[in-house]
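Residue numbering restarts at 1 for every chain, and letters A, B, ... go by the order of the sequence lines. Below, each value reflects all heavy atoms present in this structure, side chains not excepted, and no hydrogens, waters or symmetry copies.
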There are 2 protein chains.
Amino acid sequence: MNQLFVIDKSSPLPIYYQIEESIKRQIEEGELHPHDVLPSEREYAELLEISRMTVRQAINNLVNAGYLYRQKGRGTYVAEKKLEQQLLGLTSFTEEMKARGMMPSSKLLSLELIPANEKIANQLHVTTNTLIYEIIRIRLADNMPMALETAYMSADLLKGLTAEILNHSIYQYVEKHIGLKIGYAKQSFESTIASEVEMASLSIAKHSPILLIQRTTYLEDGRPLEFVKSSYRADRYTFTCTINRH
Amino acid sequence: MNQLFVIDKSSPLPIYYQIEESIKRQIEEGELHPHDVLPSEREYAELLEISRMTVRQAINNLVNAGYLYRQKGRGTYVAEKKLEQQLLGLTSFTEEMKARGMMPSSKLLSLELIPANEKIANQLHVTTNTLIYEIIRIRLADNMPMALETAYMSADLLKGLTAEILNHSIYQYVEKHIGLKIGYAKQSFESTIASEVEMASLSIAKHSPILLIQRTTYLEDGRPLEFVKSSYRADRYTFTCTINRH
DNA sequence: ACCTTTAATTGGTATAGACAACTATAAATA
DNA sequence: TATTTATAGTTGTCTATACCAATTAAAGGT
């Protein structure tokens, strides 16, 4: 029989959340292995002296997050590890490089308020000529140039943007200081050959391959936050992500 | 006041599912617009004569799927459209090209059972030298070569794979005929220059850029199904996807 | 006109129970 | 022995209710 965990009913943390964290911990510490069967929902309810629906809320969340899977009439099982992907999700350059153990930095080439042209206005769901931020930067990891990046951000959502703020993670700034919730991003990938500007900025040779990534980031409520066009040095950068079916 | 829909309590379809479909339909047909507030959970429950918890189950699913967002103390709102991304998700080449209105086809270069080398064995979570399928194909859209693709699939999961099956969507075959559920894929993107083989197979010039995509597809329970390495013609192909925060 | 308090409304958490649909095992039957 | 039938255990769906926490709007007081 499995070791069980304890929950604290008087804690301000919701019970279902405590269960989630406990099961995740058991998986991560190897007390539960892939394809192990979990105690049934009724067992959890009885042993922890809580309602079965509360157990279901916790397990539902873990199933949605990919930690567990269910089979009707049989039981609930531990899914195989998602490797390091667990950490990723949608991340900014700053967050991503830190996760890879590198020190991210930026060289700001330009920070301006400009009127949106038609393409940008369309991406950010604003009317043409609305004032927006244009930010052009060279992105470095461990002081090596990795990408040339041009970002357009809604000035409505990001009032008083400064060069100082740009030195840190913009996603975390938006979430912690402005209090907006980032939801998802739509991203496109293509392969090109370095242009003159990219050759100079990234100090690479003629005909070098470039990974061109365009990303529009949306808040949880669906409003667009930024549109970013990044040219990555293909010799130093591989993009990885996880995509769910349905 | 909103038009309301009706549900059929005697239907074999779960009530929460009927609600989900009805709300999705209202959004898609323009009866509900982005940032519109929905009736409160208690209203839905009263008007449809069902329990509030059932309403919550439906709304939870729609929030997770990105159709709605909630604000405690205020209400539940319609999120902005995710554009065409809605259709995508994780798709096979066949499904993707159809969605883009093109006619997918393949030219099979090789279909063999081979012993897994260390890299492939690692990707598919099998032991070295386990027999696996190796499938090499040229992928075409509207009869134009788009990509050179090498796929490795677990022979355990896909018994009796034939060239005939490969002409259709392998994902749909796995889901409908074998009854396995595809869960997610881990994907990497890099930009390279065409090799001799790729130049010949895709009939492109020297120094042409190639978008190299490597994908490992997993079942819902976390078992790896296939590992695919695809070299796409960069002049004809841009990959797009949506990534969720957390 | 402005501020504070109160009440009403909303989503968030949790309970206790019921029946349905499905799976695996054990018992009964042919 | 082989097949069918019961039975117990599991997740899936749904009900009816209660209270909490955040927000908004109304009422009241200055």
Side-chain angles (χ1 to χ4, degrees), chain A residues 1-2 6-23 32 35-64 67-79 179-181 220-221, chain B residues 1-2 6-23 32 35-79 179-181 220-221:
Chain A
M1 178 49 199
N2 277 317
V6 290
I7 56 165
D8 176 5
K9 285 203 191 189
S10 67
S11 162
L13 294 173
I15 295 174
Y16 73 88
Y17 181 79
Q18 295 180 48
I19 299 175
E20 278 179 52
E21 293 303 311
S22 296
I23 294 179
L32 286 171
H35 307 293
D36 276 2
V37 61
L38 290 178
S40 77
E41 298 172 355
R42 285 184 178 81
E43 272 186 85
Y44 269 130
E46 196 172 344
L47 294 171
L48 299 174
E49 295 181 300
I50 56 176
S51 156
R52 183 182 156 216
M53 289 305 285
T54 303
V55 176
R56 275 185 73 77
Q57 187 173 5
I59 292 180
N60 270 332
N61 290 341
L62 293 177
V63 168
N64 285 331
Y67 285 94
L68 305 176
Y69 63 98
R70 294 198 224 248
Q71 290 186 13
K72 191 199 287 194
R74 297 194 58 191
T76 305
Y77 302 84
V78 178
L180 298 172
K181 291 181 194 164
E220 199 186 37
D221 62 12
Chain B
M1 179 49 200
N2 277 316
V6 291
I7 56 165
D8 176 5
K9 286 202 189 188
S10 68
S11 162
L13 295 173
I15 295 176
Y16 74 89
Y17 180 79
Q18 295 180 46
I19 299 175
E20 278 179 55
E21 292 302 312
S22 297
I23 294 178
L32 286 172
H35 307 294
D36 275 2
V37 61
L38 290 179
S40 76
E41 297 172 355
R42 288 176 179 84
E43 273 184 86
Y44 269 129
E46 196 171 345
L47 293 171
L48 299 175
E49 295 181 300
I50 55 176
S51 157
R52 183 180 158 217
M53 290 306 286
T54 304
V55 176
R56 275 185 72 76
Q57 187 174 5
I59 292 181
N60 270 333
N61 290 341
L62 292 177
V63 168
N64 284 333
Y67 286 94
L68 305 177
Y69 63 97
R70 293 203 232 241
Q71 289 186 14
K72 192 198 286 192
R74 295 194 59 192
T76 304
Y77 301 84
V78 178
L180 299 172
K181 292 181 194 164
E220 200 187 38
D221 63 11

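Note: A:H35 and A:Y69 have perpendicular aromatic rings, judged against thresholds of 30 and 60 degrees for the angle between ring planes.
Contact annotation: B:R70 side-chain N/O to C:dT10 OP1/OP2 distance is not under 4.0 Å. A close approach under 4.0 Å does occur between a side-chain nitrogen or oxygen of A:S40 and OP1 or OP2 of D:dT10. Phosphate proximity of C:dA24 to A:R74: present, with a side-chain N or O under 4.0 Å from OP1 or OP2. OP1 or OP2 of D:dT13 lies within a sub-4.0 Å distance of a side-chain N or O belonging to B:Q57. In terms of phosphate contacts, A:K9 brings a side-chain nitrogen or oxygen within less than 4.0 Å of OP1 or OP2 of C:dT15.
The interatomic distance linking B:Y16 (OH) with D:dG12 (P) rounds to 9 Å, in whole Å. The distance between atom OH of B:Y17 and atom C1' of C:dA21, rounded to the nearest whole Å, is 18 Å. At whole-Å resolution of the value, CD in B:E20 and C1' in D:dC14 are 15 Å apart. C:dG12 atom C1' lies 15 Å from atom CG of A:N60, rounded to whole Å. Here C:dG12 presents its P atom at 6 Å from CD of B:E41, a figure rounded to the nearest Å. Rounded to whole Å, the distance from CD on A:Q71 to C1' on C:dC22 is 11 Å. The separation between B:E46 atom CD and D:dT15 atom C1' is 16 Å, rounded to whole Å. At whole-Å resolution of the value, OH in B:Y69 and P in C:dG12 are 13 Å apart.
For the pair A:E41 (side chain) and A:V55 (backbone), a donor-acceptor distance under 3.5 Å is absent.
Residue A:E21 places its CD atom among more than 12 non-hydrogen atoms of other residues, nucleotides or ligands, all under 6.0 Å distant.
A heavy-atom distance below 4.0 Å to DNA chain D is reached by these residues of residues 48-56 of chain B, ordered by number: B:I50, B:S51, B:R52, B:M53, B:T54.
Side chain of A:R42, nearest nucleotide from C:dG11, D:dT10, D:dT15: D:dT10.
Inter-residue side-chain proximity for B:R52 and B:R56 is flagged as met; some heavy-atom pair is nearer than 4.5 Å. Contact annotation: the side chain of B:I19 never approaches that of B:Y44 to less than 4.5 Å [non-hydrogen atoms, C-beta and beyond].
Where A:G73 and A:P14 meet DNA chain C, the nucleotide closest to each residue was compared, and A:P14 sits on the side nearer the 5' end.
Rounded to 10 degrees, the angle separating the terminal axes of the helix from C:dA1-D:dT30 to C:dA30-D:dT1 is 10°, with each axis obtained from five end pairs.
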